[in-house]
Structure formats: C-alpha cells, structure tokens
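Below, chain A is the first sequence line, B the second, and so on; all start at residue 1. Note that the coordinates shown come from a computational prediction; the quantities given were computed from them, not determined experimentally. Reckoned from all heavy atoms, side chains included, excluding hydrogens, waters and symmetry mates.
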Amino acid sequence: MSEYLAAAVLLIGAFFMLVAGLGLIRLPDVYSRMHAATKATTFGMGGILSAVILFFQAAHVATHAILAIFFLFLTAPVAAHLISRAAYRKGPGLAPVTRLDEYGPYLARERSTSQTKNDINSHN
Amino acid sequence: MPLATIVFSLAAIWILMKGTGSAGDFFVGLLLAALIIRFLRKCYHQEKSFLRVGRIGRFVVSFTRELIVANIQVLRVVLSPRIRIRPGILAYRTRCRTPFGVTLLANSITLTPGTLSVDISEDSKTIFVHALDITHPDEVREGIRLGLEEPVIGAVE
C-alpha cells in the first residue's frame with residue numbers, strides 16, 4: 001500500500017521538476033527563470049525524497065533524506081540570490097516586459113559613492 | 001542562539017548524518033561541534049532566551065503554506081499557453097535587525113510566491129525583491145510583511 005503512496009509522491013515530485021525545466025525554457029529572463037529553478041526544484045526534490053522515505057521506511061534512510069531536504073531549502077535560495085545578483089551586475093538585463101526596477105538606481109548610487117565596491121569580487 | 005544550543009544541534013546533525021545513534025557517536029559529535037564553535041566563535045554572539053518554540057512553529061507553518069502557494073503559482077505561470085507576467089524589482093525596507101533575521105527573511109522570500117531576493121543593500125536595511133507580478137508593488141510588500149517578516153521577527157528576533 002505504502003508503495004502506491006510512495007509512487008504517487010514520487011510522481012508529484014518528478015512533475016514539479018518537469019515544471020521547473022519547462023519554466024527555464026519558457027520564461028523570458030534570468031530572474032523569472034530563477035523563480036522556476038528555485039521554487040519548483042525544492043518542491044520537486046522534497047517530493048522525491050519524501051517518496052524515498054515512504055518507500056524504504058528505515059530510520060537511517062529517513063534521517064539522510066530529511067537532512068538533504070533541509071540543506072536544499074537552505075542552499076537553493078542562496079544560489080538563486082547569487083546568480084541573479086551576479087547576472088544583474090555583469091550580464092544580460094531585465095526582460096522588456098519588466099514594469100519596475102528599483103534596484104538599478106540603488107546600484108548606480110552605490111557605484112558612484114564607492115569606487116572600490118563596484119565589483120562583485122571586492123564584495124567578498 | 002546560545003552556544004549550547006548550537007553545539008547540541010550540530011551534534012544532533014552529526015548523529016543524523018551517521019544514521020546510527022550510539023552514545024559514543026553523540027559524544028564524538030559534541031567534541032566536533034565544540035571544536036567547530038571554537039574556531040567560529042566570533043561569528044556567534046550571545047543573545048536572549050531560545051524558548052521560542054511556539055513562534056518558530058508559527059514561522060514553519062506560515063512558511064510551508066507560502067511554499068505550497070508559490071509552487072501552484074509557478075505551475076500556473078509555466079504551464080499556461082501564453083506566458084503572461086509583469087515582472088519587476090522593488091526595494092523592500094525590512095524591519096529585521098539581526099543578520100540572522102535578514103538572512104532568514106531573504107531566503108524565505110525566495111522560496112515563497114512570486115518573489116525572489118536579488119540583493120541586500122550595504123546597510124542591510126533594504127532587500128531588493130524580484131517579483132513575477134508587480135502590477136501592485138504595495139500589495140507585494142504587504143504580503144511579505146504579513147506572511148513572512150512578522151513570523152521571522154517573532155521567531156528569531
């Protein structure tokens with residue numbers, strides 16, 4: 001019985017991974033794509049790892065899976081933050097559909113006030 | 001967080017990673033945790049009580065709810081025949097004051113509906129948030145304030 005439950009949860013997880021992949025292709029710019037790449041993948045991986053827990057029903061498997069979910073939730077937003085930040089500073093800009101940008105003016109001010117801090121590397 | 005809490009949670013994570021739970025393992029975990037804390041001591045500063053289980057629970061509940069809503073929303077956007085989004089970046093003045101609070105808030109923003117933290121200002125007071133639908137910037141701000149910031153402040157500040 002729990003095998004069917006595990007299969008269902010596994011499918012839901014895999015489905016959200018698919019959505020994340022489609023999002024990467026269909027959305028217009030780096031920032032919108034990061035939405036798909038962080039939210040749907042954490043949810044998808046959560047589903048897949050939950051299915052692992054349900055299928056094996058062993059304490060040592062469960063603890064590893066729970067830890068993996070925990071660290072994924074911790075690291076995915078950090079990665080998304082760094083990628084979008086680096087993208088804004090160095091790479092392609094916002095998609096033409098973008099309606100509002102309050103970050104650009106801030107960045108311009110920051111660059112004009114401090115010459116040394118206009119590079120990502122010098123921030124670390 | 002008090003140092004004792006950090007040491008014990010690191011030891012607990014060690015036990016979980018090993019997957020076996022003997023007393024000896026826990027002792028080894030405590031030793032390793034103490035060693036790590038010894039080197040990173042400057043990063044932690046002592047503060048108030050950590051008996052906030054209720055508020056932390058409330059944060060986890062509201063975070064989980066937002067996470068599910070976020071995924072349904074991404075799902076709707078991605079699977080709709082025509083991508084209709086009005087994205088933009090807005091500045092969000094945060095009332096979180098501790099570095100841990102700001103970090104937790106920024107991470108939660110990324111994992112919840114339609115919003116993504118792009119950067120934090122030099123003085124850690126403004127979070128720049130990319131949103132998929134920015135037709136009403138103040139509604140987005142209000143959503144962050146009520147759904148995430150209040151629980152974060154309650155839980156860790």
Side-chain angles (χ1 to χ4, degrees), chain A residues 15-16 18-32 34-36 38-40 42-44 46 58-64 66-67 70-71 73-81 84-85 87-89 94-95 97-107 110 113-114 117 123, chain B residues 12-21 63-64 66-92 103-104 106-122 126-135 137 140:
Chain A
F15 175 68
F16 274 98
L18 175 69
V19 168
L22 284 174
L24 280 185
I25 297 171
R26 299 198 64 201
L27 291 167
D29 64 3
V30 182
Y31 317 96
S32 330
M34 291 316 296
H35 284 273
T38 49
K39 295 184 233 293
T42 46
F43 208 65
H60 69 282
V61 177
T63 48
H64 277 94
I66 290 169
L67 270 184
F70 175 72
F71 281 115
F73 274 52
L74 217 59
T75 51
V78 176
H81 161 63
S84 47
R85 184 177 186 273
Y88 197 100
R89 285 167 187 248
L94 295 151
V97 283
T98 304
R99 297 298 173 88
L100 178 74
D101 180 12
E102 295 181 340
Y103 184 45
Y106 163 78
L107 213 56
E110 187 196 276
T113 48
S114 95
K117 283 174 182 165
H123 263 277
Chain B
I13 289 175
W14 168 259
I15 286 289
L16 289 175
M17 296 264 265
K18 287 214 54 161
T20 55
F63 175 76
T64 311
E66 299 276 302
L67 185 72
I68 293 167
V69 176
N71 277 283
I72 294 168
Q73 195 207 27
V74 166
L75 188 80
R76 276 214 331 251
V77 169
V78 169
L79 295 185
S80 69
R82 272 196 63 211
I83 302 264
R84 270 203 201 85
I85 55 172
R86 294 182 192 82
I89 300 178
L90 59 86
Y92 181 76
T103 310
L104 190 60
N107 273 11
S108 310
I109 286 172
T110 297
L111 288 176
T112 52
T115 52
L116 181 89
S117 305
V118 174
D119 201 1
I120 298 175
S121 71
E122 205 82 329
T126 306
I127 301 176
F128 293 97
V129 180
H130 184 270
L132 280 182
D133 183 353
I134 206 136
T135 323
V140 177

- Task: May I ask you to test the Val77(B)-Leu27(A) pair for a side-chain heavy-atom distance under 4.5 Å?
- Result: yes
- Message: Counting C-beta onward and ignoring hydrogens, is there a side-chain heavy-atom pair between His35(A) and His130(B) closer than 4.5 Å?
- Response: yes
Engaged part of [X] at the chain B interface, taking heavy atoms whose separation is under 4.5 Å:
X: Ser32(A); answer: both
X: Leu67(A); answer: side chain
X: Tyr31(A); answer: both

- Message: If we ignore hydrogens and angles and just use 3.5 Å, is the side chain of Arg85(A) paired with the main-chain N or O of Asp119(B) as donor and acceptor?
- Response: no
- Query: Are any side-chain N or O atoms of Lys39(A) and backbone N or O atoms of Leu67(B), one a donor and one an acceptor, separated by less than 3.5 Å?
  - Reply: no
- Which one of Ile68(B), Val74(B), Val118(B) has the most heavy-atom pairs closer than 4.5 Å to chain A? Val118(B)
- Between chain A and each of Thr115(B), Val129(B), Ile120(B), Thr126(B), count heavy-atom pairs under 4.5 Å; write down the option with the most. Thr115(B)
- Looking only at heavy atoms, the pair that brings Ser117(B) and Ser84(A) closest together is O-OG, 3.9 Å
- Message: Over 60° means perpendicular and under 30° means parallel, so tell me whether Phe73(A) and Phe63(B) are parallel, tilted or perpendicular.
- Response: perpendicular
- Message: At a 4.5 Å cut-off on heavy atoms, which part of Ile13(B) comes close to chain A: side chain, backbone, both, or neither?
- Response: both
- Message: Could you work out, with ring-ring contact (aromatic ring centres under 6.0 Å, His included) as the rule, every residue matching Tyr92(B), not counting sequence neighbours?
- Response: none
